[in-house]
Every structure is written in structure tokens, then in C-alpha cells.
Amino acid sequence: MKRDINSLLSDENIKGLSRLCKVLTNPTRIKILSLIYKKELTINQISDRLKMSSSMISNQVNYLTNVKYIECRKGSENFYRHDDEELIITINQLLKQGY
């Protein structure tokens, strides 16, 4: 059953969509989110796999952590991951559509 348009346009939903759009405006963030889906990686591991500087990756990981899209497990190094299947489905659908 379709949701009522008024419930879809709630302030909470609009803020969430706006936050998602901001996350997806940066190609590096999209790559990071795809890479750490259901697996833990350090900044250096992400940096090596994406062939980007650690400082660039660190900046984007900090942003994603602050907006609560990824989690950090602290240890001898920090490990980052996320398990948001809906986010990965959304990214894949947008990529398939040629965006």
C-alpha cells in the first residue's frame, strides 16, 4: 500500500533525504560506502584500495561518521563499516540509471 504523500513529506523524512543527497554528492564517499559495506577497513586499507591519499579518505570518513552513515570500532587502529543494505541498493539503482 502506498504511503500518504503528507507522511512522506514530513520534516523528518525531508531532512533525511537532504542528508542522503549531501552524502551522495561526493564520488569518494560513494566509493567508501560501497567498499566498507558489511566489512571493516582502516583508513589505510581504504586508501590503498581506492588509490587515494589517506588524508582525503580520512576527511570523507570523518564526514560519514559525523552524519552517522558509518560506524567506527576503535582498537589499535580505527575500523570503519556500515551495514545499510538500503543505502547500497539506492546507490546501485542510481548507478544503473546512469546518474
Side-chain angles (χ1 to χ4, degrees):
M1 185 162 105
K2 290 188 177 182
R3 291 173 59 185
D4 178 348
I5 190 69
N6 289 330
S7 67
L8 291 173
L9 294 175
S10 70
D11 287 345
E12 183 179 328
N13 284 346
I14 296 297
K15 287 177 185 175
L17 178 59
S18 177
R19 187 176 58 149
L20 173 62
C21 289
K22 288 177 187 175
V23 165
L24 297 179
T25 60
N26 185 291
T28 302
R29 290 183 204 141
I30 296 170
K31 291 176 185 178
I32 292 168
L33 288 167
S34 298
L35 188 62
I36 64 171
Y37 175 59
K38 291 197 175 187
K39 60 184 146 206
E40 290 186 333
L41 295 174
T42 66
I43 295 290
N44 287 332
Q45 290 170 323
I46 298 167
S47 176
D48 289 344
R49 292 183 186 178
L50 296 181
K51 298 184 182 354
M52 296 179 166
S53 73
S54 294
S55 64
M56 178 182 284
I57 297 301
S58 182
N59 287 337
Q60 298 308 322
V61 164
N62 285 336
Y63 176 84
L64 290 168
T65 303
N66 288 338
V67 295
K68 310 236 184 298
Y69 270 86
I70 63 175
E71 298 172 0
C72 174
R73 181 178 62 82
K74 298 183 186 254
S76 58
E77 292 186 78
N78 292 342
F79 292 88
Y80 300 92
R81 73 174 285 133
H82 80 92
D83 295 322
D84 189 342
E85 185 176 5
E86 288 186 26
L87 177 60
I88 293 300
I89 290 170
T90 299
I91 290 171
N92 287 336
Q93 286 175 336
L94 291 170
L95 291 171
K96 284 178 186 174
Q97 292 179 14
Y99 289 106

Rounded to the nearest 0.5 Å, how far does CG of Leu9 lie from CD1 of Ile14? 5.0 Å

Distance col, row Gln97:CD vs Gln93:CD, nearest 0.5 angstrom, shows 7.0 Å

Decide side chain to side chain contact (heavy atoms under 4.5 Å, CB included) for Val67 and Lys22; before the verdict, give the C-alpha distance in whole Å, the side-chain angles of both, and the deciding distance to 0.1 Å. CA-CA 10 Å; Val67 295; Lys22 288 177 187 175; over 6 Å; no

Kindly determine whether Leu87 and Val23 satisfy side chain to side chain contact (heavy atoms under 4.5 Å, CB included), including the steps that lead there. CA-CA 11 Å; Leu87 177 60; Val23 165; 5.7 Å; no

Identify which one of Val61, Asp48, Ile36, Ile32 satisfies the side-chain contact (heavy atoms from CB on, under 4.5 Å) criterion when paired with Leu41. Ile36

Which pairs count as salt bridge (Lys or Arg N to Asp or Glu O under 4.0 Å) when at least one residue sits in residues 35-44, sequence neighbours excluded? Glu40-Arg73

Evaluate the criterion side chain to side chain contact (heavy atoms under 4.5 Å, CB included) for residue pair Leu94 and Leu24; output intermediate values, then yes/no. CA-CA 10 Å; Leu94 291 170; Leu24 297 179; 4.0 Å; yes

Give every residue pair that meets the ring pair (Phe, Tyr, Trp, His ring centres under 6.0 Å) criterion with at least one member in residues 9-29, sequence neighbours excluded. none

Taking every non-hydrogen atom, the tightest pair across Gly16 and Tyr69: O-OH, 4.2 Å

Any pair with a residue in residues 58-68 that passes side chain to side chain donor-acceptor pair (under 3.5 Å), sequence neighbours left out, goes on the list, sorted by first then second residue, please. Arg29-Gln60

Once side chain to side chain donor-acceptor pair (under 3.5 Å) is applied, do any residues pair with Arg49, and if so which ones, sequence neighbours excluded? none

Evaluate side chain to side chain contact (heavy atoms under 4.5 Å, CB included) for Asn78 paired with Ile43, printing each intermediate quantity in order. CA-CA 8 Å; Asn78 292 342; Ile43 295 290; over 6 Å; no

Which value, rounded to the nearest 0.5 Å, describes the distance between Phe79 atom CZ and Ile70 atom CD1? 13.5 Å

To the nearest 0.5 Å, what is the distance between CD on Glu85 and CD1 on Ile88? 9.0 Å

Between atom NZ of Lys31 and atom CD1 of Ile91, what is the distance when rounded to the nearest 0.5 Å? 12.5 Å

For the residue pair Ser54 and Ser47, what are the closest heavy atoms and their distance? N-OG, 3.4 Å

All side chain to side chain donor-acceptor pair (under 3.5 Å) counterparts of Ser53, not counting sequence neighbours: Ser55

Taking the side chain as C-beta and beyond, is there a heavy-atom pair between Leu17 and Asn13 under 4.5 Å? no

Closest non-hydrogen atom pair, Cys21 against Thr25: O-CG2, 2.9 Å

Enumerate the ring pair (Phe, Tyr, Trp, His ring centres under 6.0 Å) contacts for residues 20-58, please, sequence neighbours excluded, ordered by first and then second residue. Tyr37-His82

Quick one: pull up CG in Asp84 and OG1 in Thr90 and give me the separation to the nearest 0.5 Å. 8.0 Å

